[in-house]
Amino acid sequence: MTTSTDAHDPLTASPYERACESHADADHGRAVRDVLTRIGDKWSLLVIVTLQHGTLRFGELQQHIPGISQRMLTLTLRQLERDGLVTRTVHAEVPPRVQYELTTVGATLIEPSLALATWAIEHYPSIERNRVAYDGRLH
């Protein structure tokens, strides 16, 4: 007799496990891990939420995201573009004007991103207190 849930048993599997089972991917968690790696980095969600109101130039994006370096913004935008979450448009002007905007898929991240950001802001004081208390027990 086992007390753990069986992901293959639809009666005991979690909604996450059932969603994974409904796809033919041999590594059901790969998609979740891969996407969370992309949007869960330090800057991607901030870029996505910043672009929610429309197209911005590189410098405008950098001004709206405190603490991001030019290098990190460049790397983040490249990865978001590679994943099809952001589009980059270069206008043939001198100097060239480059604009960034969310794709249709990227825009679907706004609601969950805002929910996560709201949760983080709301719960951060408690998390900080818990960290201090935990670290105090270690010393």
Side-chain angles (χ1 to χ4, degrees):
M1 183 171 103
T2 180
T3 58
S4 64
T5 60
D6 182 359
H8 300 290
D9 180 352
L11 297 177
T12 60
S14 71
Y16 165 75
E17 291 167 325
R18 286 192 300 273
C20 288
E21 287 293 320
S22 70
H23 293 80
D25 187 356
D27 181 3
H28 304 300
R30 185 181 66 80
V32 173
R33 289 189 311 271
D34 190 40
V35 171
L36 287 179
T37 297
R38 165 64 40 241
I39 64 168
D41 67 20
K42 188 173 182 178
W43 301 109
S44 291
L45 283 180
L46 295 173
V47 170
I48 290 165
V49 172
T50 302
L51 287 171
Q52 74 176 316
H53 297 296
T55 304
L56 291 174
R57 295 179 70 170
F58 186 92
E60 294 169 325
L61 263 172
Q62 192 171 15
Q63 289 174 353
H64 284 85
I65 304 172
I68 193 166
S69 68
Q70 182 175 340
R71 180 179 182 277
M72 285 312 302
L73 181 54
T74 299
L75 292 173
T76 301
L77 286 166
R78 282 183 187 161
Q79 290 301 315
L80 292 172
E81 183 181 8
R82 179 177 179 249
D83 290 346
L85 303 175
V86 168
T87 58
R88 177 179 185 264
T89 304
V90 180
H91 298 276
E93 300 173 358
V94 178
R97 182 170 46 102
V98 181
Q99 295 180 310
Y100 298 90
E101 66 182 321
L102 291 175
T103 63
T104 303
V105 173
T108 64
L109 281 168
I110 295 299
E111 186 176 335
S113 297
L114 290 174
L116 183 57
T118 300
W119 183 91
I121 291 165
E122 181 179 329
H123 292 88
Y124 194 67
S126 173
I127 290 169
E128 281 186 314
R129 285 191 304 275
N130 291 330
R131 287 177 178 170
V132 168
Y134 181 90
D135 292 346
R137 290 191 306 259
L138 294 179
H139 299 295

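- Between the CZ atom in Arg71 and the OG1 atom in Thr76 there is a gap of 10.0 Å [rounded to 0.5 Å].
- Follow the hydrophobic side-chain contacts under 4.5 Å out from Val90 and you reach Val86 in the same cluster.
- When all heavy atoms are compared, the tightest approach of Ile39 to Leu109 is CG2-CD1, 3.9 Å.
- Counting heavy-atom neighbours within 6.0 Å of Glu93 CD, excluding the residue itself, gives a total above 12.
- Distance check, rounded to the nearest 0.5 Å: NE2 of His64 to CG of Leu73 gives 12.5 Å.
- Atom OG1 of Thr104 is separated from atom CG of Leu85 by 11.0 Å, given to the nearest 0.5 angstrom.
- Under a cut-off of 6.0 angstrom, the local environment of CD in Glu128 is crowded, with over 12 non-hydrogen atoms contributed by other residues, nucleotides or ligands.
- At distances below 3.5 Å, at least one donor-acceptor pair connects side-chain atoms of Thr103 with backbone N or O atoms of Gly84.
- Here the CG-OG1 distance, from Leu77 to Thr87, works out to 10.5 Å after rounding to the nearest 0.5 Å.
- Checked by atom type and distance alone, the side chain of Ser44 pairs as donor or acceptor with a backbone atom of Arg38 at under 3.5 Å.
- Under the 4.5 Å side-chain criterion, counting only non-hydrogen atoms from C-beta, Thr55 is not in contact with Thr89.
- Closest non-hydrogen pair, Ile68 versus Met72, comes out as CG1-CB, 3.9 Å.
- A distance of 11.0 Å separates OG1 in Thr37 from CD in Gln79, rounded to the nearest 0.5 Å.
- Looking at every heavy atom in both residues, Gln62 comes nearest to Gln70 through NE2-N, 3.2 Å.
- Here the closest heavy-atom approach between residue Ser113 and residue Leu45 is recorded as OG-CD2, 3.0 Å.
- The CG atom of Leu80 lies 8.5 Å from the CG atom of Leu102; values are rounded to the nearest 0.5 Å.
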